[in-house]
Each structure stands twice: as structure tokens, then as C-alpha cells.
Amino acid sequence: MKTCKALLLAGLVSLFATAAVAQDAPTLNDKPLPDYATPAGGLLAEIKTRGKLINGVEAATPPYEFIKDGEIVGFDIDLSRKFAESLGVELEVIDTQWSGVIPSLYSQKFDLIWSAMPITPAREKAVTFSPVYATDRPVFLIRADETAIKSVEDFKGKRLGSQLNSSVAEQSKKLSDEKGLGMDIKLYDAITSAYLDLQNGNLDIVTTSGDAFSEVDKASPGKFKIVYELPPNLFMAVATRKQDTDLSAAVATFIEEMKANGELDKLSEKWFGTKKALPN
């Protein structure tokens, strides 16, 4: 009888332990992510052994990361390259679709995501975020010749485009729900497709970030204008897998050092023309 009770107790302990592990497993939008186990000696040691750090980005977010003359360049690329150099390794950059970037991280297609990723509650359940290294604000764009849309109240029933799985898309939906706007929201794999649909009259509004609009306006001056914007609430951070505590600690230390020695401000001025305001 005692043996049966012991076996039953052991089984219950095992069951609850398994449930606890499952509950704590990383998820994205309440969906499980691909299984991942940290290398035996830690990911940082593996990166140093292989001689390269692999960064996953969507190279369509200037000036953070974009393609110029066949090469991926930008603010994030400079920063991640400096981090790689601090580890004594080279940097490899992989261009990937934003909609699947976190699952791809867990599928081990790259080591981290250093790609203008704003912190959100859903993402915090999926990854470990570094200290914030840049900030931005959501903006709502209309065609430059549009006269019927003058304020957020005029968004009611309008067609709005944004990028799939982006923070600004989430905030657009929240705005529509809170103000009862009933906007028809269409999500795109690439924000450039939304700009094109806005230009061609297939959308009334596009929501993006202030930095992204600045780059669009440089490339196509006077095509779009900002009709509404939210306060700066996009806090960019580097994402690592929750299991890779050694890499996340190294990234955090590096960013704090870059803040302290002024190098982060220098790179910010190079790519944005100004120092980025950062939370305390």
C-alpha cells in the first residue's frame, strides 16, 4: 500500500512539474513556439567557436536596416556589428519576414533579433528584451492631397493599412476599438505594399512609425502627410530566446556601455540626425 501511495505521489509531482514547465514555456500571442534547448556550453560559447553572430532582421525599415547597393546597412546593423566585434566574431545578417521573425528565432535561423523591435506584452512572453536603445512614435498617414480626413474622428469607417504583427498595427486596432471608429484594417507582410495601396487609393490611411515616415518622405517628398500621431511609445530592444541567458546578459551589458561611453548617441546622430531620447 505504501509503495502504491509513493508511486501515486511521484506521479502527481511529475505531472505538476510538467504542467509548470509547459506553463512557463515561451509563447507568442498565446501560441507555443518551436522547442529550443540552449547548447551545453551556452550560446555565447558556441557563437565564439563558430566565429560569427547571426542577426535576424527585416531589411525594410530605414534607417534601422535596409538594403543599399545590395548590402544590408543601417543603425541596427552598425550596433550589432559592434557587438559582434566585442565578442571577437564576425556579423552575419539574415533578411527575413517580420510576421515570422520570432518563430524563426526559436527555429535557430539566427541568434538574436536586432531589428527595431518594439517591446510589447505579447513579445515579452516570447523573448528576453535588452535595455531600450531607441524610441519612436506611431503616426497615421494620408495622401498629401486628402482633404476629407482632418482628425482622428474622421477615421470612422475608413480603410487603414499597417504591417502584420507590428506594434503600430496593434495600436491602430486598439484606437479603433476604444474610439468606436470601426476601421477596416488590412495587414501587410511588407509596409511598402501598404504605402503603394495608399498612393493608389486602395487605402485611406496607413499607420507606421515616425522614423519610417521620415525615410519615405525623403524618398518621395510631398506624397503623404501625417494627420495624427500618438506619443512616443515604441521602445526598441534586442530580442533573444528566453533560454539564452548568457547572450541576453552580454547584449544588455554592451548596450549600457554604449550609452555610457556616448557611442550610442554618435550612431544615433549618424543615422537619425539627432540623439534618440531614451527612458530612464
Side-chain angles (χ1 to χ4, degrees), residues 27-31 58-66 96-103 113 115-126 134-237 239:
T27 61
L28 182 63
N29 298 323
D30 298 323
K31 295 179 181 178
E58 185 195 40
T61 315
Y64 291 92
E65 43 272 320
F66 60 103
T96 189
Q97 276 198 336
W98 193 249
S99 57
V101 68
I102 290 179
I113 303 166
S115 184
M117 177 174 278
I119 298 170
T120 68
R123 289 172 182 159
E124 285 183 309
K125 294 179 181 179
T135 59
D136 201 356
R137 71 198 194 283
V139 297
F140 295 76
L141 310 181
I142 57 176
R143 290 178 296 278
D145 60 358
E146 175 65 68
T147 57
I149 302 174
K150 298 177 181 178
S151 68
V152 69
E153 286 74 22
D154 298 322
F155 289 8
K156 195 165 187 177
K158 294 296 190 290
R159 302 164 299 171
L160 180 143
S162 194
Q163 187 167 23
L164 182 66
N165 287 348
S166 67
S167 300
V168 290
E170 292 176 16
Q171 294 191 46
S172 298
K173 185 179 185 306
K174 183 179 179 183
L175 180 73
S176 182
D177 292 344
E178 287 181 348
K179 291 187 175 291
L181 299 174
M183 289 189 288
D184 178 11
I185 299 176
K186 182 177 180 181
L187 302 177
Y188 296 77
D189 280 326
I191 191 64
T192 49
S193 298
Y195 296 145
L196 185 61
D197 269 356
L198 179 60
Q199 178 183 337
N200 292 336
N202 298 319
L203 292 172
D204 304 302
I205 307 160
V206 163
T207 183
T208 186
S209 70
D211 289 331
F213 169 66
S214 294
E215 295 300 314
V216 169
D217 200 44
K218 286 178 189 174
S220 304
K223 188 174 290 184
F224 307 120
K225 62 184 178 183
I226 296 174
V227 67
Y228 182 70
E229 62 184 78
L230 295 172
N233 60 16
L234 303 175
F235 300 106
M236 316 303 182

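Predicted model only: the values in this text are computed from it and were never measured. Reckoned from all heavy atoms, side chains included, excluding hydrogens, waters and symmetry mates.
- When every heavy atom of Gln163 is checked against every heavy atom of Asp189, the shortest pair comes out as NE2-O, 3.0 Å.
- Interatomic distance, CD1 of Ile205 versus OH of Tyr228, reported as 11.5 Å (0.5 Å rounding).
- Formation of a donor-acceptor pair under 3.5 Å by the Lys173 side chain with backbone atoms of Ile185 is not found in this model.
- Atom OG1 in Thr27 sits 10.0 Å away from atom CD1 in Ile102 (nearest 0.5 Å).
- Taking NZ of Lys158 as the reference point, atom CD1 of Ile142 lies at 10.5 Å (rounded to 0.5 Å).
- Within the 4.5 Å cutoff, the side chain of Leu187 has heavy atoms near those of the Ser162 side chain.
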side-chain contact (heavy atoms from CB on, under 4.5 Å) for Arg137 and Ile226? Distances and angles first, verdict last.
CA-CA 12 Å; Arg137 71 198 194 283; Ile226 296 174; 3.9 Å; yes
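- In this structure, Ala144 and Gly222 approach most closely via the heavy-atom pair CB-O, 3.0 Å.
- A distance of 6.5 Å separates CG in Asp211 from CE in Met236, rounded to the nearest 0.5 Å.
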Apply side-chain contact (heavy atoms from CB on, under 4.5 Å) to residues Glu215 and Phe66 and explain how you reach the verdict.
CA-CA 11 Å; Glu215 295 300 314; Phe66 60 103; 5.9 Å; no
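- Considering every non-hydrogen atom in both Ser151 and Val227, the closest pair reads N-CG2, 4.1 Å.
- Residues Tyr195 and Ser220 have side chains that never bring a donor and an acceptor to within less than 3.5 angstrom of each other.
- Between the side chain of Thr135 and the main chain of Phe235, no donor-acceptor pair closer than 3.5 Å is present.
- Residues Tyr188 and Leu203 are in side-chain contact: their nearest non-hydrogen atoms beyond the backbone lie under 4.5 Å apart.
- In plain terms, the two heavy atoms of Ala212 and Asp136 that are nearest each other are N-OD2, 4.5 Å.
- Around CG of Asn200, the count of heavy atoms belonging to other residues, nucleotides or ligands within 6.0 Å exceeds 12.
- A donor-acceptor pair is defined here as one N or O able to donate and one able to accept, closer than 3.5 Å; no such pair exists between the side chain of Asp217 and the backbone of Phe213.
- Closest approach of Thr120 and Ser167 over heavy atoms only: CG2-OG, 3.3 Å.
- Screening Leu175, Val168, Ile149 for a side chain to side chain contact (heavy atoms under 4.5 Å, CB included) with Phe140, the sole residue that qualifies is Leu175.
- Shown here for Ala122 and Leu28, the closest heavy-atom pair between the two residues is O-CD1, 4.1 Å.
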Evaluate Val101 against Ser115 for side-chain contact (heavy atoms from CB on, under 4.5 Å), listing each step before the verdict.
CA-CA 10 Å; Val101 68; Ser115 184; over 6 Å; no
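- Note that the CG atom of Asn29 and the NZ atom of Lys125 stand 9.0 Å from one another [nearest 0.5 Å].
- Put simply, the side chain of Lys179 does not reach to within 4.5 Å of the side chain of Phe155, judged on heavy atoms.
- Asn233 places a side-chain heavy atom less than 4.5 Å from the side chain of Gln171.
- Salt-bridge annotation for Arg159 and Asp197: absent, with no side-chain N of the basic residue lying under 4.0 Å from a carboxylate O of the acidic one.
- One distance of note links NZ of Lys225 with CZ of Arg143; it measures 10.5 Å at 0.5 Å rounding.
- Using a 4.5 Å heavy-atom threshold, the side chains of Ile113 and Arg123 count as separate.
- The backbone N or O of Lys174 sits nowhere less than 3.5 Å from a side-chain atom of Asp177 that would complete a donor-acceptor pair.
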